[in-house]
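Just so it is clear, the model here is predicted, and its values are computed rather than measured.
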Amino acid sequence: YRFVIGLLIIFICFSAGLIFLNTSPITPYIMEEFNISRGTAGLLTGVILLGNALFTIPGSLLVGRIPINKLILIFLLGSSLPVLSAWAPNFASLLFLRICFGICMSGFFPALNPVIMNWFPKKELPLINGLYIAATSAGIAVAFLTAEPLTEIFGWQMTLTIFSFISLLGALLWFLFARQATIEKTPRLTFQGIRNVFRSKITLLLATSDSGPLIQYVALSAWLPTYYYETHGLNLSQANEYTSILPICGCLMVVIAGFLSLKFTK
């Protein structure tokens, strides 16, 4: 049954990728609609990361205190709130829906890790980790490639709702098909445990190594479409196609890295 769980995880991560940067390909429409600056429009991505940064640790503390599948379902339902984007009357309400997504995703991924570790044997962990990260990148790529054409048909707010509906579908599938692993009970994370993790040199090294590429990736993904559109005169479809190269390359590389991790343990 771990293959069912694996497919659910991959689909859910794909749906999260659809939402994460889906305002970037249509930023000019949003700026025009609400008469806002580039910096203000950038908050639509920034608040997701801010919510993630502030609530990842509190979300981690819930693991082991609430049944893991139920906890994931709660986070999935919360992350699907941008499905209401079509009815957001102003920029502040749209911003609120985005920060709800960021907060809930900050709890989802820590809760997902023990599920993966309980369902999959150790030798398969690098591969499944690579696949769910690849699915997230694939979702980002699909959002870049389809957001502008969908906006031409349905309008930009309904486009955001369509993307978020996939996340809501993921929550429904999790509710219907997820099972509780019986291999081992997920231990609770304590404040002492958090302190030990923060004092670990490995933690600091991983965080520092990851932060630089993440900053560059988000900055480029968030603003390249608008930059190509405003400065180089490309239409939005072309600008988004060029920017989609970033998540497409990421999608390929994390799968390759997953396979390499199976062969080279160091």
Side-chain angles (χ1 to χ4, degrees), residues 1-20 48 51-81 100-140 164 166-191 193-194 196-197 200 202-203 206-207 210 250-251 254-255 257-259 261-262 265:
Y1 203 78
R2 73 185 189 277
F3 296 110
V4 176
I5 299 295
L7 288 173
L8 284 174
I9 290 171
I10 288 171
F11 182 81
I12 289 167
C13 291
F14 172 79
S15 68
L18 284 175
I19 299 175
F20 177 36
I48 291 177
N52 200 287
L54 294 176
F55 288 93
T56 293
I57 293 175
S60 301
L61 289 171
L62 295 175
V63 176
R65 291 172 169 81
I66 299 175
I68 196 71
N69 283 359
K70 184 181 295 185
L71 181 62
I72 288 178
L73 180 62
I74 293 171
F75 286 138
L76 290 178
L77 290 173
S79 66
S80 301
L81 283 175
C100 287
F101 170 78
I103 290 171
C104 290
M105 278 293 104
S106 71
F108 168 73
F109 283 104
L112 182 62
N113 290 326
V115 172
I116 291 175
M117 294 180 71
N118 283 340
W119 274 103
F120 292 89
K122 186 176 180 180
K123 64 180 182 179
E124 295 177 2
L125 290 180
L127 183 58
I128 187 64
N129 285 335
L131 287 174
Y132 87 70
I133 297 172
T136 306
S137 292
I140 295 172
S164 302
I166 307 299
S167 181
L168 191 61
L169 178 60
L172 176 62
L173 292 175
W174 184 264
F175 173 74
L176 293 175
F177 298 108
R179 293 181 185 174
Q180 190 73 42
T182 56
I183 300 173
E184 61 181 77
K185 186 177 180 181
T186 302
R188 296 181 180 183
L189 182 64
T190 64
F191 286 104
I194 292 175
N196 292 336
V197 169
S200 167
I202 295 176
T203 301
L206 288 172
D210 188 55
C251 183
V254 292
V255 174
F259 279 109
S261 297
L262 296 174
T265 56

* **Check: D210 side chain, L206 main-chain N or O, donor-acceptor pair, under 3.5 Å** =>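 Not confirmed, D210 side chain does not pair with L206 backbone.
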* Please, which pairs that meet salt bridge (charged side-chain N to carboxylate O under 4.0 Å, His left out) have at least one residue in residues 2-12, sequence neighbours excluded? ->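 The answer is R2-E124.
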Heavy-atom closest contact ([X] atom, [Y] atom, distance):
X: A178; Y: L8; value: N-CD1, 3.9 Å
X: G170; Y: L76; value: O-CD1, 4.3 Å
X: L77; Y: A171; value: CD2-CB, 3.9 Å
X: S79; Y: C104; value: N-CB, 3.6 Å
X: L71; Y: A111; value: CD2-CB, 4.2 Å
X: A135; Y: I10; value: CB-O, 3.3 Å

Calculate, to the nearest 0.5 Å, the distance between atoms [atom1] and [atom2] belonging to [X] and [Y] respectively.
X: I128; Y: F120; atom1: CD1; atom2: CZ; value: 4.0 Å
X: T203; Y: N196; atom1: OG1; atom2: CG; value: 10.0 Å
X: I19; Y: S164; atom1: CD1; atom2: OG; value: 4.0 Å

Can you confirm whether [X] sits close enough to [Y] that some side-chain heavy atom of one is under 4.5 Å from a side-chain heavy atom of the other?
X: L131; Y: C13; result: no
X: L18; Y: S167; result: no
X: I12; Y: W174; result: yes
X: I72; Y: F108; result: yes
X: L7; Y: F3; result: no
X: L73; Y: N69; result: no

* **Verdict with supporting geometry, R179 and Y1, side-chain contact (heavy atoms from CB on, under 4.5 Å)** => CA-CA 9 Å; R179 293 181 185 174; Y1 203 78; 3.4 Å; yes
* **Qualifying residue for side-chain contact (heavy atoms from CB on, under 4.5 Å) with S80, from L172, L169, L168** =>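 Exactly one candidate clears the test, L168.
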* To do: Flag yes if more than 12 heavy atoms outside L176 fall under 6.0 Å of its CG atom; otherwise flag no.
  =>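 It does: L176 CG has more than 12 such atoms within range.
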* **Residue pair F20, I140: steps toward the side-chain contact (heavy atoms from CB on, under 4.5 Å) verdict** => CA-CA 7 Å; F20 177 36; I140 295 172; 3.9 Å; yes
* Test side-chain contact (heavy atoms from CB on, under 4.5 Å) on T136 and F14 and set out the steps. => CA-CA 5 Å; T136 306; F14 172 79; over 6 Å; no
* Asked: Should Q180 and I68 be marked as a side-chain contact (heavy atoms from CB on, under 4.5 Å) after you check the CA-CA gap, both sets of side-chain angles, and the distance that decides it?
  -> CA-CA 8 Å; Q180 190 73 42; I68 196 71; 3.0 Å; yes
* To do: Quick one: sort the F109 and Y132 rings into parallel, tilted or perpendicular, breaks at 30° and 60°.
  =>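 Answer is parallel, since the angle falls under 30°.
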